[in-house]
Amino acid sequence: MSALLFEAVVAGVLLGGVYGLVALGLNIIYGVLDIINFAHGAMMMMGMYLTFWLFRAWGIDPYLSIFIAGPVLFVFGAVVYRFLLDPMRGTALQNQFLVTLGLSLFLTNAAQAMFSPDFRVLQTSYAQEVVQIGPAFIPLTRIFTFLAALAATAVLLFIFQRTRLGRSIRAVAQQQDGAALCGIDVRHVYTLAFAIGSACVGVAGAAVTPFFYVSPTVGDVFNIASFVVVVLGGLGSMSGSLLGGLLLGVAVAIGAAILPGSFKEVLMFAIFLAVLLFKPTGLLGSKA
Amino acid sequence: MSSLLAVEDLQAGYGNLSVLHGISFELNAGEVGAMVGANGAGKSTTLRCLSGLLRPRAGTIIFAGEDISNLPAHRIVELGLVQVPEGRLLFPAMSVRENLMLGAFLPEPRKRMSQSMDAVLSYFPALREKLDLPAGSLSGGQQQMVAVGRALMSRPKLLVLDEPSLGIAPLLVREIFENIEKLAAGGLAILLIEQNIGNALSLSQRAWVIENGAIVMQGSGRELLDDPRIQAAYLGIQ
């Protein structure tokens, strides 16, 4: 394997961890609420701007901002659920995802009005540092970001599998009325699920700013990627999100290395279509 | 003594469809009550109102001295009215153990979780070796045991059973009714609806016949069993 290809694979795995976290957030929301959150990428953009401005104003390190952007997006998600989505509960499902689509447009355009459409780059003092892995040179920030995304994913998986809160969320996802009859406040769980899913993009948003440009429409990139990852890993499968994220990261990185220019996005959609055609339940998805 | 459950002029429906046209009945602590009637008469709708899954259109439901007519389902469980729903509504991908643990989700039942778990496993010893299997992989009868067990984990004052024998092998039906009798003998109040009318009536102190969303006959289970109209209409005795 040539050094170029090896570098692409490593870089792909590292970015794939972020795709995995973003997709996990989307998957949690879908699994519990049955809605696709079209504002997922726009909310990630919020996390990225928050991180950017915290760095610009007070020099707060972007990796430290994870602990700010995560909670801020958690609260934002809870508010969005309670005031925009919950009132739609019980009406046709498409009403809810139309609301998230509207929210996405609102957030993107608000960002354009406030911050201008310019691309911005957050330059940390360690942005140029590289680490040698085999024949490849990998930027240090990529590795930090991967570790942060992996840690956040691990924390979430632990919460879902091992805690009472996680058990109640899984219960609502599997059988809503059954959960209510166990004394679980279903509306509360819905709110929490949307908030946790939103916190995922808060964390991911903060974690990518050291090497990813910030712009009002940057969320689109991650929106598309997370849709592909969720389909690839399997709707509703949490471990599938991580696996799908890593696979997509690698596929896109290799594609970018050997295919000309903008074929990266073409490749993403090709994977999307191929999975839907040949394995619509995804790699780890159930038959539901 | 005031009754444990008092339903007064309960009306409910779905969309344009009106199902219950004013149902009233009472059940005391420690009693078994059975509601019988044909498919679509409104039995399940009545239970959905009791447990808060469906909001009544009119009427009141008083449970343990509190008006629960408009409370959300999880608050009603907290007060001690716990339903084993039709279709069981288990968490199919979770283990039997997790299903039972979720029954003790609320703070009070959680304190007594291991005690309750022992009690449930002594009622349903067959579940002991299934604890780590996904609930969805069990047979219908065993799933029904998990559903009843999950409800018992919530430490109910009133256990509400929606068609406990529906879709269960005949041998297991007997076992399920034996367990209901055991629970009742332990002093638990039970309200059940059944199409298996003979079994249900024979263990009930109170019984109601429901037709087209209204109670058309009531009495003790024995009285209804002996009533020629019931025998002709529901038991196939001429």
Side-chain angles (χ1 to χ4, degrees), chain A residues 27-28 30-34 81-82 86-87 89-93 157-193 233-241 281-288, chain B residues 14-15 44 47-48 50-55 71-95 97-110 113 134-136 143 146-156 159-162:
Chain A
N27 222 345
I28 290 169
Y30 175 80
V32 177
L33 293 147
D34 276 332
Y81 182 77
R82 266 298 153 91
D86 193 60
R89 202 85 212 159
T91 68
L93 219 49
L157 290 177
F158 177 82
I159 290 175
F160 272 77
Q161 294 306 321
R162 296 264 176 264
T163 67
R164 178 166 171 267
L165 168 73
R167 193 174 291 125
S168 70
I169 295 178
R170 280 186 294 137
V172 171
Q174 285 181 32
Q175 182 38 259
Q176 181 196 317
D177 282 352
L181 293 176
C182 288
I184 295 170
D185 182 346
V186 172
R187 201 167 81 123
H188 182 66
V189 168
Y190 282 154
T191 311
L192 270 177
L235 266 175
S237 163
M238 298 191 53
S239 39
S241 294
T281 55
L283 297 173
L284 301 180
S286 58
K287 289 183 178 53
Chain B
Y14 308 91
S44 281
L47 295 200
R48 286 178 68 82
L50 293 184
S51 59
L53 292 180
L54 181 67
R55 191 145 287 194
L71 286 186
H74 66 276
R75 292 272 303 121
I76 294 175
V77 175
E78 211 174 334
L79 291 171
L81 191 162
V82 184
Q83 183 182 349
V84 180
E86 186 183 5
R88 302 180 284 268
L89 309 189
L90 295 177
F91 311 113
M94 290 195 210
S95 68
R97 190 192 308 278
E98 276 190 302
N99 270 271
L100 294 176
M101 284 168 79
L102 276 159
F105 178 79
L106 290 167
E108 279 306 313
R110 191 149 48 108
M113 173 136 55
Q143 288 194 24
V146 178
V148 174
R150 185 179 72 181
L152 291 176
M153 295 292 290
S154 310
R155 294 275 171 174
L159 182 66
V160 178
L161 300 164
D162 192 340

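By convention in this document, chain letters (A, B, ...) are assigned in the order of the sequence lines, proteins followed by strands, and residues within each chain are numbered from 1. Keep in mind the model is a prediction, meaning the values are calculated, not measured.
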Do the side chain of A/Arg167 and the main chain of B/Glu98 share a donor and acceptor less than 3.5 angstrom apart?
->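 No: the side chain of A/Arg167 does not pair with the backbone of B/Glu98.
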Backbone N or O of B/Ala93 within a donor-acceptor pair of the A/Gln174 side chain at under 3.5 Å?
->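 Yes; judged by distance alone, with no hydrogens or angles, the pair exists.
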Part of A/Ala173 lying under 4.5 Å from any heavy atom of chain B |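 For A/Ala173, there is no contact with chain B at all, as no heavy atom is under 4.5 Å.
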Heavy-atom distances under 4.5 Å only: say whether B/Met153 touches chain A with side chain, backbone, both or neither.
->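 Contact with chain A: none, neither part.
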Region of B/Leu53 in contact with chain A, defined by heavy-atom distances below 4.5 Å |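 B/Leu53 touches chain A through side-chain heavy atoms alone.
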Extract all donor-acceptor atom pairs below 3.5 Å that involve side chains of residues 73-82 of chain B and protein atoms in other chains or at least two apart in sequence.
from: B/His74; atom 1: NE2; to: A/Asp185; atom 2: OD2; distance (Å): 3.4
from: B/Arg75; atom 1: NH1; to: B/Glu78; atom 2: OE1; distance (Å): 3.3

Look up atom [atom1] in [X] and atom [atom2] in [Y], then write down how far apart they are to the nearest 0.5 Å.
X	Y	atom1	atom2	answer
A/Gln175	B/Met94	CD	CE	10.5 Å
A/Asp177	B/Glu86	CG	CD	12.0 Å
A/Cys182	B/Asn99	SG	CG	7.5 Å

Chi angles and distances behind the side-chain contact (heavy atoms from CB on, under 4.5 Å) call for B/Leu102, A/Ile184 = CA-CA 9 Å; B/Leu102 276 159; A/Ile184 295 170; 3.8 Å; yes
Does B/Arg55 have any salt bridge (Lys or Arg N to Asp or Glu O under 4.0 Å) partners at least two apart in sequence or in another chain, and if so, which?
->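 B/Arg55: no salt bridge (Lys or Arg N to Asp or Glu O under 4.0 Å) contacts found.
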Under a 4.5 Å heavy-atom cutoff, which of B/Gly87, B/Pro72, B/Pro92 has the most pairs with chain A?
->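 With the most close heavy-atom pairs to chain A, the winner is B/Pro92.
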Does NZ or CZ of A/Arg170 come closer than 6.0 Å to the centre of the six-membered ring of B/Phe91, within 45° of the ring's axis?
->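 That pair does not qualify as a cation-pi contact.
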